[in-house]
Amino acid sequence: MSNDMQTIGSNPVGLKGRFAGIIMNLIHTNQYKKIIQRHIIDKIDTTNHLSILDVGCGGGKVISLFFSMLEKSKIYGIDHSVDMVNLSSRVNKAGISDGTVNIVHGNVNKLPYSDDFFDIITAFDTINFWNDFDNSIIEIKRVLKQNGIFLIANGYPKEGTKWWNFVKFKNDNEYRAVLSNHGFKKINIMIEKDTIIILTNK
Ligand SMILES: C[S@@+](CC[C@H](N)C(=O)[O-])C[C@H]1O[C@@H](n2cnc3c(N)ncnc32)[C@H](O)[C@@H]1O
């Protein structure tokens with residue numbers, strides 16, 4: 001990954017950042033839809049009222065997918081880039097106006113929600129960019145309900161590539177170690193092509 005792409009990915013702002021947000025939404029739609037369907041929707045009772053949070057929500061694609069797949073849930077998003085909060089809000093205009101979607105500006109290391117609030121938290125292509133990983137994971141665990149689901153989806157590049165140098169955790173053992181050190185249970189890791197998907201419970 002070039003330094004320029006790392007900078008844009010970590011905090012997409014300005015013209016380049018907004019453009020990156022739109023592109024991310026376009027290129028991720030099909031893949032994210034399949035991940036959400038297979039690893040979340042197929043495994044839960046969708047007739048329940050659920051609270052879902054997408055951290056590092058970028059252009060808001062994950063929020064809009066949950067909005068289209070679930071009827072009774074409330075979906076929240078947070079991002080530390082004001083430009084991404086604005087883009088996400090535009091993309092999710094319908095959900096915001098009917099009160100189903102709530103998107104705020106903030107850092108994942110200080111989440112503005114009460115303890116044990118969410119049934120599901122997702123982090124798509126964002127954890128590599130966090131400036132304060134440990135406090136971010138502590139915060140996610142704090143706001144997740146007991147037995148709530150935490151899903152991470154990340155690039156899983158080949159060893160020796162630039163992307164491999166950039167990613168925080170190099171393999172499933174490293175993900176497993178950090179999550180179990182933070183007290184997460186039932187850590188289930190799947191590698192699908194060049195993406196790693198981690199499902200775990202509080
Ligand atoms: C590569 S983009 C991915 C966006 C979106 N999740 C997606 O997959 O399309 C990474 C996002 O994480 C956000 N981000 C990075 N560090 C963050 C932090 N500490 N707190 C909140 N958002 C953060 C960035 O602003 C950016 O929108």
Side-chain angles (χ1 to χ4, degrees), residues 1-37 39-40 52-69 75-92 95 101-113 118 120-144 150-157 162-169 178 182 192-198:
M1 184 186 256
S2 72
N3 287 343
D4 201 27
M5 278 172 74
Q6 284 176 26
T7 310
I8 294 173
S10 69
N11 193 7
V13 289
L15 196 58
K16 272 190 190 173
R18 290 197 295 278
F19 182 66
I22 292 165
I23 298 296
M24 284 188 285
N25 279 354
L26 287 173
I27 59 175
H28 289 150
T29 303
N30 287 339
Q31 187 197 19
Y32 286 4
K33 193 173 181 178
K34 281 186 197 143
I35 292 174
I36 292 171
Q37 183 71 49
H39 298 294
I40 296 183
I52 300 170
L53 170 67
D54 184 44
V55 293
C57 64
K61 179 47 69 183
V62 168
I63 298 169
S64 73
L65 288 168
F66 275 120
F67 178 70
S68 66
M69 292 160 130
I75 304 130
Y76 296 76
I78 187 165
D79 202 288
H80 71 167
S81 157
V82 175
D83 284 328
M84 289 304 102
V85 172
N86 291 339
L87 176 60
S88 270
S89 301
R90 277 202 303 281
V91 166
N92 290 284
V101 170
N102 176 283
I103 300 168
V104 295
H105 177 233
N107 197 304
V108 67
N109 70 4
K110 197 164 186 285
L111 293 171
Y113 313 104
F118 293 103
I120 298 165
I121 300 181
T122 57
F124 281 80
D125 191 19
T126 183
I127 67 168
N128 286 309
F129 301 102
W130 294 349
N131 57 331
D132 183 6
F133 183 83
D134 282 318
N135 280 320
S136 302
I137 289 288
I138 288 168
E139 277 292 89
I140 284 173
K141 190 159 171 252
R142 178 183 67 75
V143 301
L144 191 61
F150 178 36
L151 179 146
I152 297 171
N154 251 346
Y156 192 66
K162 274 187 190 166
W163 284 72
W164 189 83
N165 290 334
F166 169 70
V167 294
K168 246 182 198 109
F169 305 110
V178 72
H182 279 280
E192 296 177 358
K193 290 190 190 151
D194 48 7
T195 300
I196 187 162
I197 298 155
I198 298 119

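As the structure lists them, so they are numbered: ligands from 1, and atoms in each ligand from 1.
Using 4.0 Å as the threshold, Asn109 has no heavy atom nearer than that to any atom of ligand 1. In this structure, Asp79 counts as a contact residue of ligand 1, since one of its heavy atoms falls inside 4.0 Å of the ligand. Within the 4.0 Å heavy-atom cutoff, Lys61 does not count among the residues contacting ligand 1. Within the structure, the closest approach of Ser136 to ligand 1 does not fall below 4.0 Å when heavy atoms are considered.
At the top of the distance list for atom 3 (C) of ligand 1, counting protein heavy atoms only, stands Asp125 O, 3.4 Å. When only non-hydrogen protein atoms are considered, atom 23 (C) of ligand 1 lies nearest to His80 CD2, 3.3 Å. Nearest to atom 7 (C) of ligand 1 among the protein's heavy atoms is Tyr32 OH, 3.7 Å. Residue, atom and distance of the protein heavy atom nearest to atom 20 (N) of ligand 1 are Val108 N, 3.0 Å. Regarding atom 10 (C) of ligand 1, its nearest protein heavy-atom neighbour is Gly9 O, 3.2 Å.
When each atom of ligand 1 is checked for a heavy atom of Gly58 under 4.0 Å away, the hits are 4 (C), 27 (O). Heavy-atom proximity to Thr126, at under 4.0 Å, picks out these atoms of ligand 1: 11 (C), 12 (O), 13 (C), 14 (N), 15 (C). Ligand 1 places these atoms under 4.0 Å from at least one heavy atom of Gly106: 20 (N), 21 (C). Atoms of ligand 1 lying under 4.0 Å from at least one heavy atom of Gly56, given by number and element, are 4 (C), 5 (C), 6 (N), 11 (C), 12 (O), 13 (C), 22 (N). Atom numbering of ligand 1 starts at 1 in the shown order; those under 4.0 Å from a heavy atom of His28 are 7 (C), 8 (O), 9 (O). Set against the non-hydrogen atoms of Trp130, the atoms of ligand 1 under 4.0 Å away are 16 (N), 17 (C), 18 (C), 19 (N). Here is the list of ligand 1 atoms found below 4.0 Å of a heavy atom in Asn131: 19 (N).
Polar contact with ligand 1: absent for Met24 (N/O pair, distance under 3.5 Å). In terms of polar-atom proximity, defined here as any N/O pair under 3.5 Å, Asn25 makes no such contact with ligand 1. Ligand 1 has no nitrogen or oxygen under 3.5 angstrom from a nitrogen or oxygen of Gly59. No N or O atom of Met84 sits closer than 3.5 Å to an N or O atom of ligand 1.
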As a quick check of understanding, evaluate ring-ring contact (aromatic ring centres under 6.0 Å, His included) for Phe118 and Phe150, giving each step before the final call.
CA-CA 10 Å; Phe118 293 103; Phe150 178 36; over 10 Å; no

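Relative orientation of the Phe124 and Tyr32 rings is tilted, given thresholds of 30° and 60° on the angle between their planes.
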